[in-house]
There are 2 protein chains.
Amino acid sequence: MDREIVHIAIVEDDHEIRQTLNLILDGSKGFSCKYAFPDAESAIASIPNLPVDVVLMDIDLPHKNGIEATRELKRKCPSIDFIMLTVQSDDDSIFESLCAGASGYLLKDTNPVDLLVHIKEVFNGGSPMSSQIARRIINSFRIIDNPLSERETEILKLLSQGLNYKDVAQEVFLSPHTVKTHIKNIYSKLHVNNRAEAIYKAIKQKLI
Amino acid sequence: MDREIVHIAIVEDDHEIRQTLNLILDGSKGFSCKYAFPDAESAIASIPNLPVDVVLMDIDLPHKNGIEATRELKRKCPSIDFIMLTVQSDDDSIFESLCAGASGYLLKDTNPVDLLVHIKEVFNGGSPMSSQIARRIINSFRIIDNPLSERETEILKLLSQGLNYKDVAQEVFLSPHTVKTHIKNIYSKLHVNNRAEAIYKAIKQKLI
DNA sequence: AGCTGTATACCCCGTATGATGTATTTTAAA
DNA sequence: TTTAAAATACATCATACGGGGTATACAGCT
């Protein structure tokens, strides 16, 4: 099963990089690279009709950027894997790319041999990324700190499920008055004035 | 700066694995492994007082598991990096570990040479993980599908910021009546009856 | 012994909210 | 070109909600 050929497409506006990548990839055993596009528009128009397994996508493209292109193409062709290949390594680019459907995120200074390895990895269901980039993603999982007490967290969770004062009170065997007091305290601790904002903040800070 | 020695601690209940790892790591140039613990409790008691850079943590430990141990230790010693070293690769274990503060997640069948490389990576601010595990993490970023219109999304975002009918109406130059109608439609599309649940669902599905 | 935080419980009050309707216009797809 | 979806707007009504208070009891910390 490792003998299968991986069919690749490149989307990259820089003529030289595009040509170089194309030659390297198409010349390597087990790889085929017959398609290269200089912009998002032509890629979006053509790729859905091509027998492609993996797309190498630059982020900085002339009109429409590579993240948008990935979003549209991934919607049309969910089985194609996308690897972002870019100079940008800021958090926003990384997360947007992943949300758009990218399966890998590599920097352009990755050497050709590693690139081939990474393309194989994606093709076999992996997600290659430098360990520096992996760290940024992992850091997004951490909880900063939790000002809420256990009781308050419990109540906030129930509120996020759509329960009202009375229902929450019944659920946790408390007086509705007490629940109200807890909610007031939650608002004050999170510096918000209503339920909507409280839940938003709590989720963003991974409190619930 | 690559000449610095990485000080390692191991937490692993299996006697043989612990000894083997200990010998390999301590015998390698640039690495020092003087501490090995068979359970979470002893590790939690000792590690805060030891000069340790990286901890290799097994998940399956006798009483308290490795994820809990990581959570407690990371809280006490934020500068120590934790690598989970385990046979389990289920989604829950991965995400819980990362939320608990782990910086890497490797399977036990990782060969010793790679393990050394990965420890170096963590020490230098990276996050090593197999590309299979990376893929699972990345998949958690994807959006399933968005039933909301642009206008509705816009309004829901404003609601999550804590704005009320009137404020939203002003913000988007609409009649409060219209905003109310949009909100009704949002609730119906998300199958909820109130703001709290709507925001909770919307965030969980990455709609806002 | 005093302080702080948490958990519990109650009161009043004005208003924002959600449910249930009707209705027109614009836009996009079939 | 008809149809459907989206966006716009308004009315009524019971009630859930948030802000303002006050109060007791118990925990841990200093």
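Quick note on labels: first sequence line is chain A, next is B, and so on, each numbered from 1.
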Participant: Counting only side-chain heavy atoms from C-beta out, which of D:dT8, D:dG20, C:dC10 sits nearest to B:T181?
Facilitator: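 Shortest atom-to-atom distance from the side chain points to D:dT8.
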
Participant: What's the CD-P distance between A:E197 and D:dG19, to the nearest Å?
Facilitator: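 Those two atoms, CD and P, are 10 Å apart.
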
Participant: Mark yes or no: A:K157 above the aromatic ring of B:Y200, with NZ or CZ under 6.0 Å from the six-membered ring centre and no more than 45 degrees from the axis.
Facilitator: no

Participant: One thing to verify: whether A:E152 and A:K189 come together as a salt bridge, which I'm taking to mean a side-chain N less than 4.0 angstrom from a carboxylate O.
Facilitator: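 Salt bridge between A:K189 and A:E152, a charged N being under 4.0 Å from a carboxylate O: yes.
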
Participant: Scan A:N193 against the nucleic acid and name what it touches under 4.0 Å (heavy atoms): base, sugar-phosphate only, or nothing.
Facilitator: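 Sugar-phosphate: the residue A:N193, judged by heavy atoms under 4.0 Å, touches backbone atoms but no base.
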
Participant: For the side chain of A:S175, counting heavy atoms from C-beta on, which of D:dG21, D:dC10, C:dC10 is nearest?
Facilitator: C:dC10

Participant: Taking the nucleotide of DNA chain D with the closest heavy atom to each, which residue, B:K180 or B:I155, is nearer the 5' end?
Facilitator: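 That would be B:I155.
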
Participant: Considering only side-chain heavy atoms of B:H177, which listed nucleotide, C:dT8, D:dC17, D:dC10, is closest?
Facilitator: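 Side chain of B:H177 sits closest to D:dC10.
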
Participant: If you apply the rule side chain to side chain contact (heavy atoms under 4.5 Å, CB included), what do you find for B:L106 with B:I83, and how did you get there?
Facilitator: CA-CA 7 Å; B:L106 299 171; B:I83 298 177; 3.9 Å; yes

Participant: Starting at CG of A:L148 and ending at P of C:dG5, how long is that distance when rounded to a whole Å?
Facilitator: 15 Å

Participant: Which nucleotide, C:dT8, C:dT17, D:dA16, lies nearest any side-chain atom of A:N164?
Facilitator: D:dA16

Participant: The side chain of A:S149 is closest to which nucleotide in this list: C:dA9, D:dA16, C:dA7?
Facilitator: C:dA7

Participant: Would you sort out whether B:F82 and B:S103 count as a side chain to side chain contact (heavy atoms under 4.5 Å, CB included), showing the intermediate values?
Facilitator: CA-CA 5 Å; B:F82 294 82; B:S103 295; 5.8 Å; no

Participant: Among D:dA7, D:dG19, C:dA7, which nucleotide has an atom closest to any side-chain atom of A:E152?
Facilitator: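 The answer is C:dA7.
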
Participant: In whole Å, what is the span from the NE2 atom of B:H182 to the P atom of C:dT25?
Facilitator: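 From B:H182 NE2 to C:dT25 P: 17 Å.
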
Participant: Nearest-nucleotide wise, let me know which of A:Y165 and B:F173 is further upstream toward the 5' end of DNA chain D.
Facilitator: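 The residue mapped nearer the 5' terminus is B:F173.
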
Participant: Which nucleotide sits closest to the side chain of B:L174: D:dG18, D:dC10, D:dT8?
Facilitator: D:dT8

Participant: Could you tell me how far apart A:R195 (CZ) and C:dA16 (C1') are, to the nearest whole angstrom?
Facilitator: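 For the pair A:R195 CZ and C:dA16 C1', the rounded distance is 12 Å.
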
Participant: Is there a side-chain contact between B:T178 and the phosphate of D:dA9, meaning an N or O under 4.0 Å from OP1 or OP2?
Facilitator: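 True: B:T178 side-chain N/O within range (under 4.0 Å) of D:dA9 OP1/OP2.
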
Participant: Distance criterion of 3.5 Å, no angle test: do you see the side chain of A:K189 paired donor-to-acceptor with the base of C:dG5?
Facilitator: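 It does not, because no donor-acceptor pair links the side chain of A:K189 to the base of C:dG5 below 3.5 Å.
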
Participant: When you measure only distances, ignoring hydrogens and angles, does the side chain of B:K184 come within 3.5 Å of the base of C:dG18 through a donor and an acceptor?
Facilitator: no

Participant: Ion pair present between B:E12 and B:K108, side-chain N to carboxylate O less than 4.0 angstrom?
Facilitator: yes

Participant: Rounded to whole Å, please give me the gap between CG in B:N185 and C1' in C:dG21.
Facilitator: 13 Å

Participant: Starting at atom CD1 of A:I199, determine the distance to atom P of C:dT17, rounded to an integer number of angstrom.
Facilitator: 14 Å

Participant: For B:N194 and for A:E150, locate the closest nucleotide of DNA chain C by heavy-atom distance; then report the residue assigned to the nucleotide nearer the 5' terminus.
Facilitator: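 The residue mapped nearer the 5' terminus is A:E150.
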
Participant: Which nucleotide, D:dT8, C:dT8, D:dG18, lies nearest any side-chain atom of B:R151?
Facilitator: D:dT8

